Q: 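Here you go, one structure.
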Amino acid sequence: MALKTGKDYLKSIEELDLEAHVLGQKTGDLHEHGLVAPSQEAVAFTFDGAHDSETGDLFKAVSPLCDDEVNRFTHLHQSSDDLVKKVMMQRYCGTKTACCFQRCVGLDAANAIFSTTFECDAKHGTDYHQRFKDYWRWVQLEDLVVDGAMTDPKGDRSKRPADQADPDLFLRVKERRPDGVVISGAKLHQTGMLNSHEILVMPTLTMRPGEEAWAICAAVPTNHPGVRYIYGRQTSDTRKLEDSMLDVGNPVFGGQEVMTVFEDVFVPHERVFLDGEVDYSGIMVERFASYHRQSYGGCKVGVGDALIGATALIAQMNGVAGASHIRDKIVEMIHLNETIYSCGISCSTLGERMPAGNYQVNLLLANVCKLNVTRFPYELARLATDVAGGLLGTMPSAADLDDPVAGPYIKKYLAAAEGFAVTDRMKVLRLIENLVAGAGAVGYLIESMHGAGPPTAQRIMISRQAGLKDKVAQVKRLLGID
Ligand code: SF4
Ligand code: FE
């Protein structure tokens, strides 16, 4: 088997011939579309890492499932060291791309499904685990990108799936056939969906008895008939369609979120990994969410590195790098960023072996990690905005820079510290703008809040995992209270 390069990957995605609604138009040839291409480049980076002599060890792992070397983005964690390496790899990717590189959701879904199906089979006598092993071995050997699709639209949040005005507001099994199931519904906010070969749908929350139709986990090829895509907008996204890349901020990479609709999609039995076992729906959700909360302890830290680097550089360009209050703000950014990383590493180090054989993160610390991620990137963004100065929001366009009348004025009046070109200063400001208020802020800020669940979801998990009763008992013992 051969690990794909970024180029192999791009070709394989092009061959899927996916179509999507992008800015009001049904669009094929997505690799040529200015809004999509940067997001594909970011995924391609996760393939090239396995071929780079400096990062190969981090990006590769030996999988017992196929008895071969695989890209770590498809690996079932065999130790807490694997969990640590995953976070380190994600930080590396975030630092280099300064955006969401989209490939972690499938990895997190696979590890959650692997352990959940094992336990479900033991209780219910189902054969999901073997099906999933066969499926995932193929994913590893083909070095595929899989979109882990959890988030249903959910309609009226006060109502259960069956009580919604439209039962499709939670993705469901609409029909059962002798050879498989027909699913109907949608998954929202799907990171990197159009850059994926496969989709793993999972239940969106803990289902109860009577809600069996919504307790479905299954694999669907992205180019399956009946699956439709509507591309998500990002702030300032049409800058990517302009001639100059300067105003985009991140000239090479970008993220992608897609509304994905399943219009009566048939899934054969061998691709179904949970169907009606409501008692395992919540376990699957919890495990996937915790792996993804760990993921943010790597990827968001990497993007934070890029923001800190850009902030330190703009301070130099502005001639204020030596000021003590600027140095202090940059140290504060580093402290916050490394605090997130510490959580990502610690929930990995304290990972545990599951009955299925793969390793799971420490649930409490993974949730602490993500709860910090709902706050610290916002503070990093505030500090970067502070240090960068007001020009961040008022700078003329790249098109004016090229204008024979406006251009010379821009070059004259935006000159700052000696030794730095005005266009370079503009590039750095645009990258900061991209991350704190532009297209990159979708991944760095909004997704930091809501991706892998909003802060309340982490608070619930923290309260469940914290062992508060034990702490009270300890204090009682200490003080001799009955
Ligand atoms: Fe990976 Fe982070 Fe993007 Fe999620 S937000 S897919 S963890 S890079
Ligand atoms: Fe995410």
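All values reported here derive from a predicted model rather than from experimental measurement.
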Q: Can you tell me how far apart SG (C217) and CZ (F288) are? Round to the nearest 0.5 Å.
A: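 Result: 11.0 Å between the selected atoms.
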
Q: Can you tell me how far CG of N362 sits from SG of C347, rounded to the nearest 0.5 angstrom?
A: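 So the gap between those two atoms works out to 7.0 Å.
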
Q: Do the numbers put R287 on top of the ring of F114, so that NZ or CZ is under 6.0 Å from the six-membered ring centre and no more than 45° off the axis?
A: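 Geometry flag: not set, cation outside 6.0 Å or 45°.
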
Q: Can the ring centres of Y291 and H77 be said to be less than 6.0 Å apart?
A: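 Y291 vs H77: aromatic centres under 6.0 Å.
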
Q: Going by distance alone, is a donor N or O of one side chain under 3.5 Å from an acceptor N or O of the other, for Y296 and E447?
A: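 Yes - a donor-acceptor pair under 3.5 Å links their side chains.
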
Q: With a 6.0 Å cut-off (strictly less than), is the heavy-atom count around CG of D243, excluding the residue itself, greater than 12?
A: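 Count not over threshold, so no.
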
Q: Would you sort out whether F101 and F45 count as a ring-ring contact (aromatic ring centres under 6.0 Å, His included), showing the intermediate values?
A: CA-CA 8 Å; F101 36 89; F45 188 86; 8.0 Å; no

Q: Could you pull out the closest heavy-atom pair between C104 and F73, with the gap in Å?
A: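 For C104 and F73, the tightest heavy-atom pair comes out as SG-CE2, 3.9 Å.
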
Q: Could you pull out the closest heavy-atom pair between S290 and M461, with the gap in Å?
A: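 Heavy-atom minimum between the residues: OG-CE, 4.1 Å.
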
Q: Got a sec: does the CE of M354 have more than 12 other heavy atoms crowding it under 6.0 Å?
A: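 Enclosed: over 12 neighbouring heavy atoms sit under 6.0 Å from CE of M354.
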
Q: For the pair R430 and E433, find out whether any cationic side-chain nitrogen is under 4.0 Å from an anionic carboxylate oxygen.
A: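 The answer is yes: the pair qualifies as a salt bridge.
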
Q: Ignoring hydrogens, what is the shortest heavy-atom contact between C93 and F59? Give both atom names and the distance.
A: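 Scanning both residues completely, I find the closest heavy atoms to be SG-CZ, 3.6 Å.
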
Q: Mind checking what makes salt bridge (Lys or Arg N to Asp or Glu O under 4.0 Å) contact with D52, not counting sequence neighbours?
A: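 If we apply the salt bridge (Lys or Arg N to Asp or Glu O under 4.0 Å) test to D52, skipping adjacent residues, there are no hits.
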
Q: Inspect the surroundings of CE in M245 and state if more than 12 heavy atoms from other residues, nucleotides or ligands are less than 6.0 Å away.
A: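 Counting neighbours around CE of M245, more than 12 heavy atoms of other residues, nucleotides or ligands fall under 6.0 Å, so yes.
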
Q: Counting neighbours of NZ on K60 that are heavy atoms of other residues, nucleotides or ligands and sit closer than 6.0 Å, is the number greater than 12?
A: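 Counting neighbours around NZ of K60, more than 12 heavy atoms of other residues, nucleotides or ligands fall under 6.0 Å, so yes.
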
Q: Any Lys/Arg nitrogen of R382 or E332 sitting under 4.0 Å from an Asp/Glu carboxylate oxygen of the other?
A: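 A salt bridge is absent here (no side-chain N lies under 4.0 Å from a carboxylate O).
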
Q: Going by atom types only, do Q294 and S348 share a side-chain donor-acceptor pair under 3.5 Å?
A: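 Note: Q294 and S348 side chains meet the donor-acceptor criterion.
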
Q: State plainly whether the residues E379 and R375 are in salt-bridge range, i.e. N to O under 4.0 Å.
A: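 So E379 does not pair with R375 through a salt bridge.
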
